[in-house]
Protein chains: 2
Amino acid sequence: MDISIGELSRRTAVKVATIRYYESVALVPCPPRSEGRQRRYGEHEVSRLSFIRHARELGFDIEAIRELLAMSAQPDQSCAEADRIARRHMAEVDRRISQLTALRAELQRMVEACGHGRVGDCRVIETLANHDQCEHASH
Amino acid sequence: MDISIGELSRRTAVKVATIRYYESVALVPCPPRSEGRQRRYGEHEVSRLSFIRHARELGFDIEAIRELLAMSAQPDQSCAEADRIARRHMAEVDRRISQLTALRAELQRMVEACGHGRVGDCRVIETLANHDQCEHASH
DNA sequence: CTACAACCTCTAGTCGCTAGAGGTTCAAGG
DNA sequence: CCTTGAACCTCTAGCGACTAGAGGTTGTAG
């Protein structure tokens with residue numbers, strides 16, 4: 001029970017400023033302080049922050065992480081909700097991948113049609129200027 | 001030369017507030033005003049805003065769009081730079097797709113291992129809590 | 001004239017951080 | 001013990017691309 005914020009940061013690879021941020025949004029509780037007002041953490045906080053960091057890396061947003069953390073504190077509850085959160089997130093990732101893939105195709109067409117001549121003949125500029133040139137699904 | 005901001009918004013599918021935002025960051029010039037201080041636009045601004053919207057849909061950031069617009073105003077210049085901007089953006093989209101695809105695979109593994117039992121046995125929660133369970137490349 | 005939609009400026013918020021100013025505490029070394 | 005510098009503290013504000021609401025004015029149809 002004597003870990004400074006810097007040490008916690010080194011152990012979890014989460015920046016000091018980010019730890020403070022997570023405290024400000026109550027993702028981690030306010031820790032006890034030393035006599036000099038410095039935060040002091042224990043091993044439980046190391047685990048909690050690792051969980052958070054891992055979830056962030058997988059793209060879960062703060063609110064979802066908050067829910068997952070609450071669930072992890074209640075081992076006898078059903079985990080259907082955790083499953084639901086993960087599936088919902090996965091569906092979002094799928095959507096984003098599809099969107100980016102369509103975008104990439106459009107950019108590919110644009111770039112391939114660019115003959116490196118004058119702007120006046122430029123397919124990059126022309127495609128952006130003229131919706132009809134674009135096969136993008138948004139239109 | 002008599003298009004209100006609302007009409008411009010309807011013609012371009014760019015929100016009024018977003019048009020004002022684009023003006024604030026000088027992506028579109030400040031237009032002349034009516035006697036009542038209301039913005040008045042012409043067909044040139046309709047085209048410019050359509051260009052912007054289209055580029056935004058393709059994920060170009062504001063600065064890149066600013067550059068592309070500047071280029072489109074000079075038809076006799078080389079378009080090598082427009083090509084470079086588009087290629088750079090396409091590389092970024094590729095990176096993001098790869099990243100999300102790896103993420104998706106990880107989430108898939110997590111979700112498939114979830115047996116809908118108790119939180120204490122939950123693979124979603126367990127994977128987040130324990131780095132060793134995760135094959136994610138970030139580790 | 002009235003009423004209401006559409007316009008205006010300004011401020012602040014979203015999300016998840018990130019950075020810097022200005023100050024205090026801690027701990028190693030002399 | 002003193003000094004020094006790293007690490008800590010709080011607070012404010014910024015990033016990017018919008019977005020929204022408060023409080024007020026203008027335009028136009030009925």
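For the numbers below, each heavy atom of this structure counts, side chains included, while hydrogens, waters and symmetry mates do not. A, B, ... follow the sequence lines: proteins, then strands. Residue 1 opens every chain.
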Without decimals, in angstroms, what is the distance between [X] [atom1] and [N] [atom2]?
X: B:Glu7; N: C:dC7; atom1: CD; atom2: P; result: 9 Å
X: A:Arg39; N: C:dT25; atom1: CZ; atom2: C1'; result: 14 Å
X: A:Glu23; N: D:dC8; atom1: CD; atom2: P; result: 14 Å
X: B:Arg56; N: D:dT19; atom1: CZ; atom2: P; result: 10 Å
X: A:Asp2; N: D:dA7; atom1: CG; atom2: P; result: 17 Å
X: B:Arg20; N: C:dT11; atom1: CZ; atom2: C1'; result: 14 Å
X: A:Leu27; N: C:dC15; atom1: CG; atom2: P; result: 14 Å
X: A:Lys15; N: C:dG20; atom1: NZ; atom2: P; result: 11 Å

Check this one for me: any side-chain N or O of [X] less than 4.0 Å away from OP1 or OP2 of [N]?
X: A:Ser34; N: C:dT25; value: no
X: A:Arg33; N: D:dT10; value: yes
X: B:Arg37; N: D:dG27; value: no
X: A:Tyr21; N: C:dC15; value: no

- Item | Closest-nucleotide 5' rank along DNA chain D - winner of B:Thr18 and B:Gly36 | B:Thr18
[Y]/[X] salt bridge by N-O under 4.0 Å criterion:
X: A:Glu106; Y: A:Arg109; answer: yes
X: B:Glu63; Y: B:Arg66; answer: yes
X: B:Glu7; Y: B:Arg10; answer: yes
X: A:Glu43; Y: A:Arg11; answer: yes

- When the nearest nucleotide of DNA chain C is assigned to A:Glu35 and to A:Ala17 on a heavy-atom basis, which residue is associated with the more 5' position? A:Ala17
- Side chains of A:Arg95 and A:Gln99, donor plus acceptor under 3.5 Å: no
- Message: Regarding B:Tyr22, tell me which of base, sugar-phosphate or nothing describes its non-hydrogen contacts under 4.0 Å with the strands shown.
- Response: sugar-phosphate
- Query: Taking the side chain of A:Ser4 as its heavy atoms from C-beta onward, which of D:dC8, C:dG16, C:dC8 lies nearest to it?
  - Reply: D:dC8
